[in-house]
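A short write-up of the structure that comes next.
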Amino acid sequence: KQEVTQIPAALSVPEGENLVLNCSFTDSAIYNLQWFRQDPGKGLTSLLLIQSSQREQTSGRLNASLDKSSGRSTLYIAASQPGDSATYLCASPLSGNTPLVFGKGTRLSVIA
Amino acid sequence: GAVVSQHPSRVICKSGTSVKIECRSLDFQATTMFWYRQFPKQSLMLMATSNEGSKATYEQGVEKDKFLINHASLTLSTLTVTSAHPEDSSFYICSFGGQGATGYTFGSGTRLTVV
């Protein structure tokens, strides 16, 4: 059974700082890993998807890495902005059409 | 691509009434979809998995007679909360199954308040 853990639970940083969010999973035979952003009272916005065969994905100021052997993924946010304030969730399915297993998220606050 | 429309975004209903939430994929088809529930400051909890044309599979502790799921086509699924009670007040989100290069796509969520 896959379990996903995210640390820290909450993070507050000043604007402009680079930061790293951590995600760990127990079953290294993951299908893929997806990072989402959730704003208060809103649905989930997909940020990055890393397939099992990939080691990282980049989109703008975001970079996500995947290390299956250590059971870890990181989301790197460069030059943080107040608009980045949200809860960030990582999740992974057991296979292509099974439910995502979510971490509890990291609540990020970027202070102007 | 991979857009999911969910509505209503917010609904308030009286205790004992039923509420239907609709989730529609706009630019793709998927045989599998998932319904989640999220309580304040908690992560998403899977309620059920449904495959088009067959009965949904419910997670332990989720009443199938209370949360009716209809997945009649590859682009549309509905969740009906029957005889709603205040404890059913929550944020409900749908998701269509993994879409290859785009992964899982979620609806924008429905905030249900039962008074």
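Proteins get letters first, then strands, A, B, ... in listed order; numbering begins at 1 in each. All values derive from a computational prediction rather than experimental measurement. Excluded from the calculations below are hydrogen atoms, water molecules and symmetry mates; all remaining heavy atoms, backbone and side chain alike, are included.
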Open item on the list: If hydrophobic clusters are built by linking Ile, Leu, Val, Met, Phe, Trp and Tyr wherever their side-chain heavy atoms come under 4.5 Å apart, do A:Tyr31 and A:Phe25 end up in the same one?
Closed with: no
Open item on the list: Does any backbone or side-chain atom of A:Phe36 lie under 4.5 Å from a heavy atom of chain B? Answer side chain, backbone, both or neither.
Closed with: side chain
- [ ] Among A:Leu100, A:Thr45, A:Thr87, single out the residue with the greatest number of heavy-atom pairs under 4.5 Å to chain B.
- [x] A:Leu100
Open item on the list: Please rank A:Gly43, A:Gly41, A:Pro40, A:Pro93 by heavy-atom pairs under 4.5 Å with chain B and give me the top one.
Closed with: A:Gly43
Task: Heavy-atom pair count under 4.5 Å with chain A, highest-scoring of B:Val4, B:Ile93, B:Leu44 - done: B:Leu44
Open item on the list: Counting only non-hydrogen atoms closer than 4.5 Å, does A:Leu89 touch chain B with its backbone (N, CA, C, O), its side chain (CB onward), both, or neither?
Closed with: side chain
Open item on the list: Under 3.5 Å, is there a donor on one side chain and an acceptor on the other for B:Ser83 and B:Lys66?
Closed with: no
TODO: Indicate whether any N or O donor in one side chain lies under 3.5 Å from an N or O acceptor in the other, for A:Asn32 and A:Ser52.
DONE: no
TODO: Specify which of B:Arg10, B:Gln38, B:Gln6 makes the most heavy-atom pairs with chain A at under 4.5 Å.
DONE: B:Gln38
Open item on the list: Please classify the contact of B:Gln42 with chain A as side chain, backbone, both or neither, using a heavy-atom distance under 4.5 Å.
Closed with: neither
Open item on the list: Check this for me: A:Ile7, atom CD1, are more than 12 non-hydrogen atoms of other residues, nucleotides or ligands nearer than 6.0 Å?
Closed with: no
Open item on the list: Can you confirm whether more than 12 heavy atoms, excluding those of A:Arg55, are under 6.0 Å from its CZ atom?
Closed with: no
Open item on the list: Between B:Met33 and B:Cys23, is there a side-chain heavy-atom distance shorter than 4.5 Å?
Closed with: yes
